[in-house]
Visitor: 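A single structure is presented below for examination.
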Amino acid sequence: MPTKIPFQVVYSSSADDNHREKELEFHSPTTKGWHSSRFCLYPQELVLLMKEPVRIRKLQILSHQFMISSKVEVLISKVPSGQSPSLLTSKFKRLGYVGLSDNGNTDFKARELKSIHLDAEGHFVKLVLHKNHVNKYNIYNQVGLVAVNVIGDRLDTPYDPGDFDSLKNVDSVVQGYISPNAVSGPVWGRINKPDYISRMDDLAFDMYQDPETAALIRKLDDRKREAVKEERYDYAKKLTAVISDLYKVGEKLGKYEAEKKKAVELEDYDLAMEKKRQSDEFRLYVYKQLDIQELLELDGRKTHEHRPINITPPPLPPIATDQNRLPPTPQRQEEERDTPPLLAPIKRQPSAREDTPPLISPRKDDDADDRPLPALNKRSLEADQEVEGTKEPPGNTDGPEPLKENDLRTAGFVIEVFGEDLVQHAYSKQWKYRQEAMENVEKEMSSDTPQLISDKDPKAVVKATVFLVQKGIKDQVFSVFSESLEVLRSLVKTYIPRHKLAKSEISHVAEKTTPPLLTKSGEMAARSRDVATAMIMELAVHKDIKLLGVLPDHATRPFKAKQQVSPRMYKSRIEIIEKLLGVLELDSGKPGSLSTGNIMRIVLPALEHTSGDVRDPACRLVLELYKKVKDTVRDYLPPDEPATRKNPLYRNLFDGFDQIDGKPTEAERKAQAKTAAANSEKAKQAEIAALQAQLQALRDMAGESNKAGNSKPAKEEQIDVDRMCIFCGEQNESFTEEMLDVHYWKSCPMLKRCDHCAQVIEISGVSEHLLTECESSGKFAQCPRCKEAVLKVDLEGHLAKKSCSPSKGPRCVLCNKTLGKGDEAWSKHLKEECAPNKARLQQQSASKAPSQASLRSTRGRGGKTTPLGRGAGKGRGKIGTSLPR
């Protein structure tokens with residue numbers, strides 16, 4: 001029968017420091033799993049080594065909820081007999097692959113479990129994980145696996161069909177099957193092994209069960225099989241019932257273990273001790289109720305009677321309800337997407353073999369969380385109902401309970417102001433008395449003729465009231481919390497102004513009530529969050545509190561490095577700052593104004609938060625801040641460079657900045673560049689067509705001149721444009737296409753090579769070329785006086801020269817002489833008058849001309865695509881080729 005096969009992870013391409021590959025070797029509710037390193041290269045590989053050769057029947061892969069690989073390939077390698085397993089000599093055979101869902105339909109809360117049915121033998125299994133699915137939570141482009149499970153048969157004593165002859169050895173086969181004392185066991189079981197896989201070998205079993213309880217269930221299951229074999233059916237029936245109960249107990253103990261580990265990570269050791277105590281007491285109680293010692297028959301075989309099993313535990317102290325200490329509950333998961341509990345739900349998918357469905361139906365964790373477990377005792381149920389305000393706890397219903405000694409010491413000064421009866425109501429375990437206490441305090445604050453505080457010092461009254469308000473803000477019952485805000489409102493708007501107290505008193509009120517209000521604004525209940533946020537904004541715009549700067553100071557304080565902050569709390573704080581930005585001044589230097597630096601200190605970590613619910617409002621706040629201060633915000637962010645824009649978050653931010661500045665975004669700039677390139681290509685093609693039309697017109701004119709008149713023109717008067725340089729007008733019968741290229745490069749007085757890009761250009765258009773067309777055009781600038789192209793680094797010295805003067809006409813760049821307008825003036829000057837040009841031509845004539853192959857290979861490398869000298873019009877400044885330097 002296939003069973004769970006232990007393995008070792010002997011190789012991984014990369015691993016996160018806190019999620020090493022060795023985590024995959026152990027399965028428990030507290031398993032963290034393996035994560036690849038941040039921004040790793042793909043594909044990532046994991047190699048598993050079985051301790052002995054196995055025939056793998058089923059491979060289970062539990063993926064991370066948002067670090068999800070798009071595809072996982074499975075390969076296997078078998079070591080030849082007599083050799084020790086080694087990765088260096090192993091050759092892997094590819095079995096196939098499975099695709100993983102992007103998990104968007106579950107909002108990245110559930111983990112996908114792939115069950116792959118195989119039939120392959122080997123020592124090594126290699127998993128190749130391809131590039132991750134992109135989502136807003138996986139900001140480092142990682143992939144992760146929570147667990148891997150291998151199920152198969154060991155091959156240490158493989159069955160060899162050649163050992164049996166179905167005709168000759170029938171008697172021995174039958175005898176081996178029916179003999180209970182056969183040395184090798186029933187033969188038929190070796191010949192026809194069933195494919196049934198125990199649910200205790202399934203991955204979900206170990207991922208949800210407490211390890212100790214899982215081991216006990218396996219031991220009891222072995223006892224049950226032995227009991228069935230020995231026909232002890234009453235014992236087997238009781239074991240079946242106990243195993244069913246232990247499944248529920250194991251899940252509950254697994255949650256205790258996960259909560260304990262979470263508390264240890266948060267360094268909340270009081271909560272960790274409480275969880276350990278609850279787990280130990282519950283475990284001992286259940287074991288006693290289920291008679292585990294008797295069921296295991298450690299003292300010998302006993303007679304077992306079937307009777308109803310009662311595993312309701314004795315009353316235990318209620319679990320602490322401090323939401324800052326408890327790990328996320330199933331309800332809180334909905335708003336903490338990126339910090340799911342350790343016992344996250346598993347989303348099963350069809351197996352890789354499409355014609356075979358999963359052996360176990362999908363697990364519904366919501367149902368598992370809703371069903372009553374043994375640890376959910378009466379007292380904790382009543383505590384939950386009290387929080388909702390629907391049921392009173394049992395006890396004295398005639399009035400509030402007496403104050404404890406510790407409460408008497410803590411609230412002594414409050415008793416002196418309001419009396420012990422009101423404080424008893426405020427400290428009562430029954431929410432209706434706490435609400436009644438807050439209502440009475442509100443009446444005292446708003447009444448012109450108070451009964452309890454008429455003869456008390458107003459400063460002492462303020463101090464006592466603030467103490468009660470703080471306690472009321474932290475209350476979990478909404479009606480008590482809401483009434484405490486009414487007390488605070490009356491204290492600030494009515495009592496303090498009526499007694500004309502100093503600003504120090506209202507400052508004390510704001511300092512003490514702002515922190516709990518900020519905490520309350522990040523709670524799970526939406527109505528509590530909304531009411532707390534509204535009260536914060538009401539205090540922020542109060543004429544006396546606004547100038548103190550208490551609200552902006554507390555709201556923009558960064559969270560402590562070791563403080564575990566829920567995404568909901570972070571999101572609430574960002575939204576409050578955004579609202580304060582709309583009602584308070586920014587960087588004005590006046591009392592009560594907001595500081596850009598303080599805001600950015602809390603926003604920058606929020607931009608790197610793993611939760612998209614935090615990053616999105618943080619980005620929105622940065623954009624709102626940029627509308628007011630712009631460059632100051634950019635100073636806190638990475639530079640706007642292509643490398644930074646690879647991060648989608650910063651790309652969106654920088655695009656938002658561009659929109660605010662009225663500039664096109666990066667996508668719009670790329671679209672504009674694409675359009676401009678298309679238009680440029682169209683213009684280039686049109687230019688080529690126009691040049692070709694000009695050349696054809698010259699040919700037509702030459703043909704018409706030959707036909708004109710009755711007399712045939714002289715031979716020397718005939719014009720053959722194919723044998724003529726269109727720049728200098730020289731005609732030569734040897735001017736083939738190749739020879740014209742040599743002429744342009746070496747002999748034409750009207751052309752020269754650019755000293756910066758080696759392109760052949762007209763001397764009359766050198767300045768225009770250097771300013772607009774040359775590869776080094778960025779190095780040149782046009783002189784504002786003489787209009788010539790000058791290197792930017794030499795411009796200042798050029799302006800100081802006497803030769804730099806306004807020109808009445810075009811100026812030769814070789815001799816600096818001013819010429820008349822028109823092509824004829826240029827032609828006469830360059831052919832007859834320009835001494836530097838003549839010297840240049842003589843030097844070029846003495847030099848060796850480039851080979852024809854070299855000339856042909858360089859055609860079209862410049863701005864034109866037409867052959868050298870063909871279709872280039874005069875006065876255009878270039879003829880479209882780059883020649884060897």
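Position 1 is the first residue of the sequence, and the numbers go up from there. The model shown is predicted, which means the values in this text are computed figures rather than measured ones.
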Visitor: For Val54 and Arg154, work out which heavy atoms get closest and say how close.
Guide: CG1-CA, 4.3 Å

Visitor: With a 3.5 Å distance limit and no angle check, can you tell me whether Lys22 reaches the backbone of Val9 through a side-chain donor-acceptor pair?
Guide: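 Yes; at least one donor-acceptor contact below 3.5 Å.
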
Visitor: Does a side-chain N-to-carboxylate-O contact under 4.0 Å join Asp210 and Arg283?
Guide: yes

Visitor: Atom OG in Ser12, atom CG in Leu24: separation rounded to 0.5 Å?
Guide: 9.0 Å

Visitor: Taking all atoms of both residues into account, what is the closest heavy-atom pair of Ala272 and Ala263, and its distance?
Guide: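 Taking Ala272 first and Ala263 second, the nearest heavy atoms are N-CB, 3.8 Å.
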
Visitor: Would you compute the distance between atom CH2 of Trp34 and atom CE of Met67 and round it to the nearest 0.5 angstrom?
Guide: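 Answer rounded to 0.5 Å: 10.5 Å.
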
Visitor: Taking Ser279 for the side chain and Leu253 for the main chain, is one N or O donor matched with an acceptor at less than 3.5 Å?
Guide: no

Visitor: Under a 4.5 Å cut-off applied to non-hydrogen side-chain atoms, are Leu266 and Leu271 in contact?
Guide: no

Visitor: If you measure from the Lys or Arg side-chain nitrogens to the Asp or Glu carboxylate oxygens, is any gap between Arg199 and Asp221 under 4.0 Å?
Guide: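 No, this pair does not count.
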
Visitor: Would Arg568 and Asp613 pass as an ion pair if we require N to O under 4.0 Å?
Guide: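 Asp613 and Arg568: not salt-bridged.
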
Visitor: Would you confirm whether His609, through its side chain, and Val614, through its main-chain N or O, come within 3.5 Å as a donor-acceptor pair?
Guide: no

Visitor: Closest heavy-atom contact between Gln142 and Asn132?
Guide: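 Minimum heavy-atom contact is O-CB, 3.4 Å.
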
Visitor: A quick test of your reading: do over 12 heavy atoms of other residues, nucleotides or ligands sit less than 6.0 Å from NZ of Lys219?
Guide: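 No, the 6.0 Å shell around NZ holds no more than 12 heavy atoms from other groups.
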
Visitor: Could you report the tightest heavy-atom contact between Pro605 and Tyr570, atom names first, then the distance?
Guide: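 Scanning both residues, the minimum pair turns out to be CB-OH, 3.3 Å.
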
Visitor: Looking at Tyr256, I'd like to know if the NZ or CZ of Lys252 sits under 6.0 Å from its six-membered ring centre while staying within 45 degrees of the ring's axis.
Guide: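 Judged by the rule, Lys252 and Tyr256 form a cation-pi pair.
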
Visitor: For Leu75, which of Leu95, Val128, Val125 qualifies under side-chain contact (heavy atoms from CB on, under 4.5 Å)?
Guide: Val128

Visitor: If you take all heavy atoms of Ser101 and Asn105, which pair is closest and at what distance?
Guide: OG-OD1, 4.4 Å

Visitor: Would you check if Phe26 and Asp206 make a side-chain contact, meaning some heavy-atom pair closer than 4.5 Å?
Guide: no

Visitor: Nearest 0.5 Å, please: how far is CG in Leu203 from NZ in Lys114?
Guide: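 The CG atom of Leu203 is 14.5 Å from NZ of Lys114, to the nearest 0.5 Å.
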
Visitor: Not counting sequence neighbours, which residues clear side-chain hydrogen bond (donor to acceptor under 3.5 Å, both in side chains) with Asp119? List them please.
Guide: Arg55

Visitor: Given Phe205 and Tyr247, is the ring pair (Phe, Tyr, Trp, His ring centres under 6.0 Å) satisfied, shown in steps?
Guide: CA-CA 9 Å; Phe205 178 78; Tyr247 268 97; 5.5 Å; yes

Visitor: Atom OG of Ser36 and atom CD of Glu45: how far apart are they, to the nearest 0.5 Å?
Guide: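 If we round to the nearest 0.5 Å, Ser36:OG and Glu45:CD are 13.0 Å apart.
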
Visitor: Output all residues satisfying salt bridge (charged side-chain N to carboxylate O under 4.0 Å, His left out) with Asp222, sequence neighbours left out; order by chain, then residue number.
Guide: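 For Asp222, the residues satisfying salt bridge (charged side-chain N to carboxylate O under 4.0 Å, His left out) (neighbours in sequence not counted) are Arg225.
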
Visitor: Gln44 side chain to Leu41 main-chain N or O, any donor-acceptor pair under 3.5 Å?
Guide: yes

Visitor: Is Lys260 salt-bridged to Glu257, going by a charged N under 4.0 Å from an acidic O?
Guide: yes

Visitor: Give a yes or no on whether the backbone of Asp201 and the side-chain of Asn149 come within a donor-acceptor separation of less than 3.5 Å.
Guide: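 A pair under 3.5 Å: yes.
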
Visitor: I'd like to know if Lys229 and Glu226 make a salt bridge, using a cut-off of under 4.0 Å between side-chain N and carboxylate O.
Guide: no

Visitor: Sub-3.5 Å donor-acceptor pair from the side chain of Lys275 to the main-chain atoms of Glu259, do we have one?
Guide: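 Side chain of Lys275 to backbone of Glu259, a donor-acceptor pair under 3.5 Å: no, none is there.
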
Visitor: Kindly write out the residues that satisfy ring pair (Phe, Tyr, Trp, His ring centres under 6.0 Å) with His19, not counting sequence neighbours, or none if the list is empty.
Guide: His35

Visitor: Determine whether more than 12 heavy atoms belonging to other residues, nucleotides or ligands lie under 6.0 Å from atom NZ of Lys71.
Guide: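 Correct, the count exceeds 12.
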
Visitor: Give a yes or no on whether the backbone of Ser28 and the side-chain of Thr31 come within a donor-acceptor separation of less than 3.5 Å.
Guide: yes

Visitor: Can you name the nearest heavy-atom pair linking Ile217 to Gln209, along with the distance?
Guide: CD1-OE1, 3.9 Å

Visitor: NE2 of His130 to OG of Ser69: how many Å apart, nearest 0.5 Å?
Guide: 7.0 Å

Visitor: Working to the nearest 0.5 Å, report the span between CZ of Arg111 and NZ of Lys109.
Guide: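 It comes to 14.0 Å.
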
Visitor: Return yes if a side-chain donor-acceptor contact under 3.5 Å exists between Glu112 and Asn103, otherwise no.
Guide: no

